[in-house]
Amino acid sequence: MTMLGEAKRSGRWLELDWPSLVAGSVAETEESSGTGAPAERPETVPLRAGSHPHEVRQWLLARSLFPAKWINRLFSIGGIGWNGDKLRLLAFPPLDPKADPIYRMALQPSRSAAPDVLHEDDFCLVLHKPAGMPVHESSPGQRGTLGEAAARHMLEKGDPLTIRHVHRLDDDTSGPVLYAKNDLAQWRLDEAMRLKRIDRHYVAVVQGRLAKAAGKIDLPIGKDRHHRARRRVSAGGEPAVSHYEAIADGRQFTIVRVKLETGRTHQIRVHMSHIGHPLLGDALYGGDSRVLPHQALHGEKLLFPHPWTNASMEARAPWPDWLEKLARSAIRRSK
């Protein structure tokens with residue numbers, strides 16, 4: 001994405017400066033050829049501002065600037081055009097809120113407080129999900145989801161785009177959730193997830209005091225055939241890797257930071273329970289729920305490559321009150 005040049009949103013269109021785009025293309029192909037001369041390209045038609053959209057499509061596809069499926073879709077709906085020497089791509093088509101199920105719910109009065117916005121730009125949105133709020137519906141028509149809150153946020157901005165979550169958190173886990181605000185962002189962020197370029201850092205409070213201050217848990221996780229809602233460490237499960245580091249000790253608990261290499265359902269809860277330290281409040285996996293009515297797990301930080309610029313982005317979610325309270329009663333480790 002180094003040769004995309006200047007770009008700016010104009011309503012439903014993404015406008016790219018054509019001279020900069022072409023100049024960037026020449027510079028990049030010369031560099032990739034290793035000779036200082038332009039590398040061969042499969043198309044021969046010289047392009048200039050105002051060229052036919054079919055020729056522009058071929059030019060863009062030859063350079064793999066965007067997902068081929070996206071460019072072909074834009075071409076099929078008339079989504080490639082010109083505004084002077086600006087190449088226009090229909091990147092931000094608005095939805096009809098009354099025709100979309102999640103937006104129809106968002107048009108109704110909210111049943112919960114609006115989550116904080118941790119980051120927002122034309123391509124992505126990061127919301128701070130509170131504990132107790134599901135990311136998406138578990139049954140048709142369920143109200144009070146983070147998805148509904150995201151749609152309501154877009155309505156309040158007067159910008160009803162198609163927004164989709166890139167990852168999820170358990171209902172009772174708080175922290176940042178990343179949303180893509182158009183198809184291009186969705187494809188690129190999904191690819192970043194597959195390539196493990198999106199990092200999620202958590203803070204958990206586990207029962208007992210850990211013998212090792214830091215460690216790696218590399219144990220596969222599968223479904224528990226005896227309990228529908230549970231997962232368990234299983235030789236036939238999917239690979240799962242968690243890294244933990246203790247940062248504070250209480251009298252009967254330890255506060256740990258956890259980084260995931262994989263994103264299996266209930267991964268931190270399963271791994272910590274398996275080594276004998278279930279999360280405080282996590283009754284499903286053996287934790288004591290008398291002190292806290294939900295698992296003591298908070299998404300502290302989210303790192304992701306920006307879907308347009310590829311810049312490294314960071315979204316931090318402040319510690320919730322229950323975690324601050326436990327931290328105040330603990331003794332911090334030197335790290």
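In this text the structure is predicted, and so the values were computed from the model without any measurement.
- Between Leu303 and the options Met313, Glu314, Arg316, a side-chain contact (heavy atoms from CB on, under 4.5 Å) holds for only Glu314.
- Within the cation-pi definition used here (under 6.0 Å to the ring centroid, within 45° of the axis), Arg9 qualifies as a partner of Phe92.
- Residues Pro115 and Lys129 form no side-chain contact, since every pair of their non-hydrogen atoms from C-beta on lies 4.5 Å or further apart.
- For Gln252, the CD atom sits in a loose shell: 12 or fewer heavy atoms of surrounding residues, nucleotides or ligands are nearer than 6.0 Å.
- Side-chain contact between His294 and Trp322 is present, with at least one heavy-atom pair separated by less than 4.5 Å.
- With Glu55 contributing its side chain and Ser51 its backbone, the two residues share no donor-acceptor pair below 3.5 Å.
- For Arg63 (side chain) and Trp59 (main-chain N/O), a donor-acceptor pair under 3.5 Å exists by modelled atom type.
- For Thr262, the side chain to side chain contact (heavy atoms under 4.5 Å, CB included) test picks out Lys196, Ala240, Arg264, Gln267, with sequence neighbours left out.
- Considering CD1 of Ile71 and CG of Leu60, their distance stands at 5.0 Å, rounded to 0.5 Å.
- Listed for the His271 side chain is a donor-acceptor partner under 3.5 Å among the backbone atoms of Leu219.
- Nearest heavy atoms, Pro176 versus Gly299: CD-O, 3.0 Å.
- A single hydrophobic cluster is seen to contain both Leu184 and Leu16, as judged by linkage of ILVMFWY side chains at heavy-atom distances under 4.5 Å, directly or through other members.
- Between the side chains of His119 and Asp121, at least one donor-acceptor pair of N or O atoms lies under 3.5 Å.
- Taking OG1 from Thr254 and CG from Leu326, the interatomic distance works out to 11.5 Å, rounded to the nearest 0.5 Å.
- When all heavy atoms of Leu87 and Ile80 are compared, the closest pair comes out as CD1-CG2, 4.1 Å.
- Residues Trp70 and Leu61 share a single hydrophobic cluster, defined by chaining ILVMFWY side chains whose heavy atoms lie under 4.5 Å apart.
- Distance check, rounded to the nearest 0.5 Å: CZ of Arg57 to CG of Leu89 gives 13.5 Å.
- Note: Asp183 CG to Arg188 CZ = 12.5 Å, rounded to the nearest 0.5 Å.
- In this structure the side chain of Trp319 reaches within 4.5 angstrom of the side chain of His298, judged on heavy atoms.
- Remark: Lys259 does not engage Glu245 in a salt bridge, criterion side-chain N to carboxylate O under 4.0 Å.
- Partners of Trp13 by ring pair (Phe, Tyr, Trp, His ring centres under 6.0 Å), not counting sequence neighbours: none found.
- Electrostatic pairing of Arg143 and Glu137 does not count as a salt bridge here, judged by no charged N lying under 4.0 Å from a carboxylate O.
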Take Glu120 and His153 through the side-chain contact (heavy atoms from CB on, under 4.5 Å) test and state the conclusion after the steps. CA-CA 11 Å; Glu120 184 173 17; His153 171 77; 2.8 Å; yes
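- Ion pair Glu156/Arg152 not flagged as a salt bridge, since none of the NZ, NE, NH1 or NH2 atoms sits closer than 4.0 Å to an Asp/Glu carboxylate oxygen.
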Distance-only donor-acceptor pairs under 3.5 Å for side chains of residues 272-289, two or more places apart:
unit_1: Ser273; atom_1: OG; unit_2: Tyr285; atom_2: O; d: 2.9
unit_1: His277; atom_1: ND1; unit_2: Gln207; atom_2: O; d: 2.7
unit_1: Asp282; atom_1: OD1; unit_2: Arg269; atom_2: NE; d: 3.4
unit_1: Asp282; atom_1: OD1; unit_2: Arg269; atom_2: NH2; d: 2.8
unit_1: Asp282; atom_1: OD2; unit_2: Arg269; atom_2: NE; d: 2.8
unit_1: Tyr285; atom_1: OH; unit_2: Arg231; atom_2: N; d: 2.8
unit_1: Tyr285; atom_1: OH; unit_2: His266; atom_2: ND1; d: 2.7
unit_1: Asp288; atom_1: OD1; unit_2: Arg290; atom_2: N; d: 2.9
unit_1: Asp288; atom_1: OD1; unit_2: Arg290; atom_2: NE; d: 3.0
unit_1: Asp288; atom_1: OD2; unit_2: Arg290; atom_2: NE; d: 3.1
unit_1: Asp288; atom_1: OD2; unit_2: Arg290; atom_2: NH2; d: 2.7

Given side-chain contact (heavy atoms from CB on, under 4.5 Å), test Ile255 with Val206 step by step and report yes or no. CA-CA 6 Å; Ile255 300 177; Val206 302; over 6 Å; no
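- A 4.5 Å side-chain heavy-atom check between Leu107 and Lys98 finds at least one atom pair inside the cut-off.
- The closest donor-acceptor contact from the side chain of His52 to the backbone of His54 lies under 3.5 Å.
- Checking Asn182 against Gln186 by side-chain atom types alone, no donor-acceptor pair falls below 3.5 Å.
- Contact record, Val135 with Thr145: O-CB, 3.9 Å, taken as the closest heavy-atom pair.
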Could you walk me through whether Tyr179 and Leu161 satisfy the side-chain contact (heavy atoms from CB on, under 4.5 Å) test, starting with their C-alpha distance in whole Å, then the side-chain angles of each, then the deciding distance to 0.1 Å, before giving a yes or no? CA-CA 11 Å; Tyr179 283 85; Leu161 300 175; over 6 Å; no
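- The shortest heavy-atom contact between Val166 and Ala180 is CG2-N, 4.0 Å.
- Counting all heavy atoms, side chain and backbone alike, Asp122 lies closest to Lys181 at O-CB, 3.8 Å.
- Looking only at side-chain heavy atoms (C-beta outward), Asp96 and Tyr103 stay at 4.5 Å or farther from each other.
- Interatomic distance, Phe304 CZ to Arg200 CZ, rounded to the nearest 0.5 Å: 13.0 Å.
- Under the 4.5 Å side-chain contact rule for hydrophobic residues, Trp187 and Ile77 share a cluster.
- Atom CG of Asp100 sits about 5.0 Å away from atom CG of Leu95, to the nearest 0.5 Å.
- Checking His136 against Gln142 by side-chain atom types alone, no donor-acceptor pair falls below 3.5 Å.
- Using a 4.5 Å heavy-atom threshold, the side chains of Val117 and Leu125 count as touching.
- By the 6.0 Å contact criterion, NZ on Lys301 is enclosed, its count of non-hydrogen atoms from other residues, nucleotides or ligands being greater than 12.
- Side chains of Pro220 and Glu238 form no contact here, defined as non-hydrogen atoms less than 4.5 Å apart.
- At a threshold of 4.5 Å between non-hydrogen side-chain atoms, the residues Val177 and Leu302 do not count as touching.
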side-chain contact (heavy atoms from CB on, under 4.5 Å), that's the test. Do Ile102 and Glu148 meet it? Break it down for me. CA-CA 6 Å; Ile102 193 71; Glu148 179 186 331; 4.1 Å; yes
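- No side-chain N or O of Glu261 forms a donor-acceptor pair with one of Ser242 less than 3.5 Å apart.
- Looking at Lys8 and Glu15, no side-chain N of the basic residue comes within less than 4.0 Å of a carboxylate O on the acidic one, giving no salt bridge.
- Note: the hydrophobic cluster containing Ile221 also contains Leu169 (ILVMFWY, side chain heavy atoms under 4.5 Å, direct or indirect links).
- Few gaps surround CZ on Arg230; more than 12 heavy atoms of other groups in view lie less than 6.0 Å from it.
- Ion pair Asp17/Lys86 flagged as a salt bridge, since at least one NZ, NE, NH1 or NH2 atom sits closer than 4.0 Å to an Asp/Glu carboxylate oxygen.
- If you chain together hydrophobic residues whose side chains sit under 4.5 Å apart, Phe66 and Leu90 fall into the same group.
- Counting all heavy atoms, side chain and backbone alike, Ala204 lies closest to Leu297 at CB-CD1, 3.8 Å.
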